Every structure is written in C-alpha cells, then in structure tokens.
A.B. asks: 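Right, I'll just put the structure down here and ask away after.
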Amino acid sequence: MQNENPIRDLQHIPAALQPLMNALCEVGAELAHTIQRGPLGGALGASVGENLGGDTQKALDVMADDAFAEKLKTADVRWYASEEQDDVVELDPNGTYALAIDPLDGSSNIDVNVSIGTIFSIFDAKADGDASFLRPANEQLGGGYIIYGPQTMLVVTFGKGTQEYLLDPDSKQFVLVDEAVKVPQTSREFAINASNYRHWPKPIRAYIDDCLAGEEGPRESNFNMRWVASLVAETHRILTRGGVFLYPGDSRKGYEQGRLRMIYECAPIGFVIEQAGGLATDAQDPILSKTADKLHARTPFVFGSTDKVSRVAAYHDLPEQEVNALFGNRGLFRV
Ligand SMILES: O=P(O)(O)OC[C@H]1O[C@](O)(COP(=O)(O)O)[C@@H](O)[C@@H]1O
Ligand SMILES: [Mg+2]
Ligand SMILES: [Mg+2]
C-alpha cells in the first residue's frame, strides 16, 4: 500500500513538518494493516528481548521501531529517540528535527486484540542528540499518537489546538474528522491501575477513596472506573468523553516515578490534552513545565478534565490530618 500523501488533509500541519508527518502516517497505516492480520502475519506478541527500561520487547515493538527508524531517515529527521533503543540515533546529519517515539504503546495488549498505538514528540534538532530531547516539554513543536483500534486514528497538535484524523480503509488516507478536539469537562470516570492501591502515596489513595465512596462520600456523586492498560486508548477515551487518568509514583522498586516515560509518552500526550482544553500534570505540577534528566526518565502522570486534575493536585496540599481522615471527615472536600 503506497500513497503519495498518506495524509489527505494537510491544512493544519505546518508545511515544514508535512514530510515527517506523512512518513509517520505511512508507517502507521502499514502497522495498522499488520496488526489487523494478527497471527496471519506471524507471532506479533512473541517476546524477543528486553529494552533499557526493563520491559520485555515483543516482536511488534521491534518491528514498529525498525519501520519508523527506516522511513524517517528520509523525512528531515536528524535525531531519533525510541523506547526500544538505548541511546539517541542519528538518522540524517542534515535533518532539521528530533523525533522521540514510543513505536508501540500498550504492548501487553498486542495478543488480546485491544487498542494499541504509537506516540511521538517532535522538537527542532540541536547539534547534540541528547540535548535535543533533555529540554522543557513546552518546547515541543508537535506531539501526538496513532491509535490502532476498531478505527485507526491520528491525534496530533502543533500548538494550535488538537486535530483528529481517521484512516479511511477505502482510500487508505488519513482524513481530518475533527479540527478542534475538546476534552469534555463533565465526566464521572477515573482510570488507574487499582491493583497498586497499597503502594500509592497517601494523597492518591485519598483521592481514589473519595471517588469510591460515591454519593455517600465527600464528592456526593458516584464514579465509574476504566483501565485499558494502553495509554493511547485511555487518552482517546478521555478526549472523547472526559475523565481523569492517573499513573502515580508508588513504593514499588523502580516505580518511584511511576511507569510512564516523560519524553515519548507523557510530554506528547500532555501537549495533546492541554491543546484540547484539558490539564496534564505529574500529579502536582504541569507536565509541560518539566524537563527529563535522562532519555528514558519516568514521571508520575495525571491528565484529563481540568477540574479533576486540579483536584488531584489539591489533595497533595491538604494538611496531614485531612489526608489521613476517613472520607466522611475530609471536610475540605465536601461538595
Ligand atoms: O501494566 P500497567 O502497570 O497497568 O501499565 C500500563 C501502562 O503501561 C504501558 O503499556 C506502557 O507503555 P509500553 O507498552 O509502550 O511499554 C501504557 O500504555 C499503559 O498505560
Ligand atoms: Mg508506552
Ligand atoms: Mg512501547
């Protein structure tokens, strides 16, 4: 499948970034096809190694990484930083851009036919590879993701709102379907891996306790819970119907800063969410104000509808006796 322009509607994409975006989408469309063929194309979920973050690499992780790195060599990209590579790789010494990527997000869902994705972040290239990425997230030129689900979609921002494109299975082109995506502000859903409850910091436990207490608790309202275990799928749901996502730091060894990686997961998702009118933090401070201190650095991550993300931050400012109080006594948050 070859299309001269994998993206049909280019009007929201800065001209200089169009070759890069077309390259990303060309590989994205090919990956969507590979994923749809599933086991007919080989054992996509087979374990093939381990990356620097200690995660098992699946065949599709490596396949996706190879495909993006190869295609981006001819798309004006100088520096390539991938979840699946230990160090920054130089693709084109004359390239203008630095691209960070999670080639395949939600790897644990490959074999279970649940939505997975690709997350990417674009900076202008500096002379040094590492320095091109170890900088404030608010210097991103663009950020977004491709979700491979029942529909394959591109969601991206270049700092002027968030746009959404659908891969048309007939024309095999990404077609603009929403030029100003907005995070709904009214929602009663939260997403967190609740199996880690006992490891969470107290303010996170208190926030979730109060959601679980429902109508009888200080929120005086019932909540619903979701956990897909694909960051792209959680993001897409929150962009569509609001809510809040939390992956906090916790007391497990290696999880002090949570699980998600700053440069190629949290920074671009935070950019997309903020441009859609939501908020993204490290549980307290804006994610876009943060700078990673190393390529694969992790960070706690909370994002979604503004009031909910602000409330999570506010729980961190509660006096000790309020955080420890049973929900019925957490007076500050009644109503
Ligand atoms: O298995 P856990 O701890 O619930 O973590 C799930 C999270 O891990 C991730 O799968 C990490 O991404 P990768 O699959 O790219 O490593 C996220 O998509 C997801 O939000
Ligand atoms: Mg990921
Ligand atoms: Mg990944």
Side-chain angles (χ1 to χ4, degrees), residues 24 27-28 31 35 44-69 80-86 99-112 114-121 143-149 155 190-200 204 208 225-239 243-270 272-273 280 283 287 292 295-304:
L24 278 177
V27 177
L31 275 177
I35 291 162
L44 302 180
S47 300
V48 294
E50 197 174 280
N51 64 23
L52 201 70
D55 291 330
T56 304
Q57 287 176 310
K58 308 283 177 68
L60 190 61
D61 287 321
V62 177
M63 215 185 273
D65 183 44
D66 290 346
F68 282 114
Y80 178 80
S82 164
E83 179 189 0
E84 306 307 337
Q85 312 247 3
D86 294 356
L99 182 121
I101 194 161
D102 176 352
L104 206 287
D105 175 63
S107 303
S108 69
N109 283 323
I110 293 172
D111 277 341
V112 292
V114 164
S115 296
I116 50 182
T118 296
I119 311 174
F120 58 90
S121 164
Y145 64 88
I146 300 173
I147 182 168
Y148 313 107
V155 176
F190 65 90
I192 192 164
N193 184 338
S195 68
N196 298 318
Y197 179 90
R198 68 193 184 285
H199 305 296
W200 296 337
I204 299 293
I208 298 298
M225 198 198 86
R226 291 286 183 272
W227 188 250
V228 185
S230 287
L231 178 62
V232 285
E234 319 274 8
T235 306
H236 209 74
R237 185 188 61 254
I238 287 173
L239 284 173
V244 62
F245 170 99
L246 307 95
Y247 209 123
D250 66 50
S251 62
R252 286 174 296 164
K253 194 167 180 306
Y255 283 77
E256 296 81 4
Q257 297 299 315
R259 169 169 174 75
L260 299 173
R261 278 59 54 102
M262 176 65 193
I263 294 179
Y264 43 79
E265 292 183 313
C266 305
I269 296 295
V272 159
I273 290 287
I287 213 76
L295 198 56
H296 300 284
R298 299 177 180 214
T299 176
F301 195 31
V302 176
F303 68 87

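Numbering of ligands and ligand atoms starts at 1, following listing order. Every value quoted in this text rests on a predicted model; they were computed, and no experiment measured them.
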A.B. asks: With only distance considered, is Glu83 within less than 3.5 Å of ligand 1 through an N or O on each side?
C.D. replies: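 Min N/O separation from ligand 1 is below 3.5 Å for Glu83.
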A.B. asks: What are the atoms of ligand 1, with element, lying closer than 4.0 Å to any heavy atom of Asp102?
C.D. replies: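 It comes down to these atoms of ligand 1: 15 (O).
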A.B. asks: Quick check against the 3.5 Å criterion: does His296 have a side-chain atom that pairs as donor or acceptor with the backbone of Arg261?
C.D. replies: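 Looks like no, no N/O pair under 3.5 Å.
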A.B. asks: Under 4.0 angstrom from ligand 1, any heavy atom of Arg261?
C.D. replies: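 Distance cut 4.0 Å: Arg261 passes for ligand 1.
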A.B. asks: Please state which option from Arg259, Gln57, Arg252 has its nearest heavy atom closest to atom 7 (C) of ligand 1.
C.D. replies: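 Closest candidate by heavy-atom distance is Arg259.
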A.B. asks: Are any side-chain N or O atoms of Glu83 and backbone N or O atoms of Pro103, one a donor and one an acceptor, separated by less than 3.5 Å?
C.D. replies: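 Pair absent, no side-chain N/O of Glu83 close to backbone of Pro103.
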A.B. asks: Are the side chains of Ile192 and Tyr197 in contact, using a 4.5 Å heavy-atom criterion?
C.D. replies: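 With C-beta onward as the side chain, the pair stays apart.
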A.B. asks: Is the backbone of Met262 close enough, under 3.5 Å, to the side chain of Thr299 for a donor and an acceptor to pair up by distance?
C.D. replies: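 Not at all, since once roles are kept as given, no pair shorter than 3.5 Å links the two residues.
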A.B. asks: Checking the N or O distance criterion of under 3.5 Å, is ligand 1 in contact with Gly106?
C.D. replies: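 Between Gly106 and ligand 1, an N or O pair is found under 3.5 Å apart.
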A.B. asks: Can you list the atoms of ligand 1 that are under 4.0 Å from a heavy atom of Glu265?
C.D. replies: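 What qualifies from ligand 1 is 11 (C), 12 (O), 15 (O).
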A.B. asks: Checking Asn51 side chain against Gly54 main chain: does a donor-acceptor pair fall under 3.5 Å?
C.D. replies: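 Side chain of Asn51 to backbone of Gly54: a pair is present.
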A.B. asks: Looking at ligand 1, would Leu104 count as a contact under a 4.0 Å heavy-atom criterion?
C.D. replies: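 It does, in that a heavy atom of Leu104 comes within the 4.0 Å cut-off of ligand 1.
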A.B. asks: Does the pair Asp55 and Arg259 meet the rule for a salt bridge (Lys or Arg N to Asp or Glu O under 4.0 Å), with working shown?
C.D. replies: CA-CA 10 Å; Asp55 291 330; Arg259 169 169 174 75; 3.4 Å; yes
A.B. asks: Would you say Arg252's side chain and Gly249's backbone share a donor-acceptor pair under 3.5 angstrom?
C.D. replies: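 The answer is no, because no donor-acceptor pair under 3.5 Å joins these two groups.
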A.B. asks: Check whether any side-chain heavy atom of Gln57 sits under 4.5 Å from a side-chain heavy atom of Ser47, and report yes or no.
C.D. replies: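 No, too far: nothing below the 4.5 Å cut-off.
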A.B. asks: Output the list of atoms in ligand 1 that are nearer than 4.0 Å to some heavy atom of Ala229, sorted by atom number.
C.D. replies: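 By the 4.0 Å cutoff, the relevant atoms are 10 (O), 18 (O), 19 (C).
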A.B. asks: Classify the angle between the aromatic ring planes of Trp227 and Phe245 as parallel (below 30°), tilted (30 to 60°) or perpendicular (above 60°).
C.D. replies: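 The arrangement is parallel - the two ring planes meet at less than 30°.
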A.B. asks: Please say which of Val232, Ile269, Asp61, Leu260 ends up in a side chain to side chain contact (heavy atoms under 4.5 Å, CB included) with Asp105.
C.D. replies: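 For Asp105, the side chain to side chain contact (heavy atoms under 4.5 Å, CB included) check succeeds only for Val232.
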A.B. asks: Has Arg298 got its NZ or CZ under 6.0 Å from the middle of the six-membered ring of Tyr255, at an angle within 45 degrees of the ring axis?
C.D. replies: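 Positive - Arg298 is close enough to the ring of Tyr255 and near enough to its axis.
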A.B. asks: Which protein atoms of type N, O or S are found under 2.8 Å from the Mg ion (ligand 2)?
C.D. replies: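 Near the Mg ion (ligand 2), the protein supplies Asp102 OD2, Asp105 OD1, Glu265 OE2.
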A.B. asks: Any idea which atoms of ligand 1 are less than 4.0 Å away from a heavy-atom of Asn193?
C.D. replies: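 Going through ligand 1 atom by atom, the ones under 4.0 Å from Asn193 are 2 (P), 3 (O), 4 (O).
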A.B. asks: Any N or O of Trp227 that comes nearer than 3.5 Å to an N or O of ligand 1?
C.D. replies: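 Right, the criterion is met.
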A.B. asks: Any nitrogen or oxygen of Ser230, side chain or backbone, less than 3.5 Å from one on ligand 1?
C.D. replies: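 Not met; the criterion fails.
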A.B. asks: Which bit of Leu231 is near ligand 1, meaning a heavy atom under 4.0 Å away: side chain, backbone, both or neither?
C.D. replies: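 Within the 4.0 Å criterion, Leu231 contacts ligand 1 through backbone and side-chain atoms alike.
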A.B. asks: Is there a donor-acceptor pair closer than 3.5 Å between any side-chain N or O of Thr56 and the backbone N or O of Glu50?
C.D. replies: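 Pair absent, no side-chain N/O of Thr56 close to backbone of Glu50.
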A.B. asks: Which atoms of ligand 1 sit under 4.0 Å from any heavy atom of Asp55?
C.D. replies: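 Close to Asp55: 16 (O).
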A.B. asks: Answer yes or no: is there a side-chain heavy-atom contact under 4.5 Å between Phe303 and Ile287?
C.D. replies: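 Not touching, per the 4.5 Å side-chain cut-off.
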A.B. asks: Between Glu234 and ligand 1, which residue portion shows a heavy-atom distance shorter than 4.0 Å: side chain, backbone, both, or neither?
C.D. replies: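 Neither; nothing of Glu234 gets under 4.0 Å from ligand 1.
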A.B. asks: Could you identify the single nearest non-hydrogen protein atom to atom 3 (O) of ligand 1 and state the distance to 0.1 Å?
C.D. replies: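 Among all protein heavy atoms, the one nearest atom 3 (O) of ligand 1 is Tyr247 OH, 2.6 Å.
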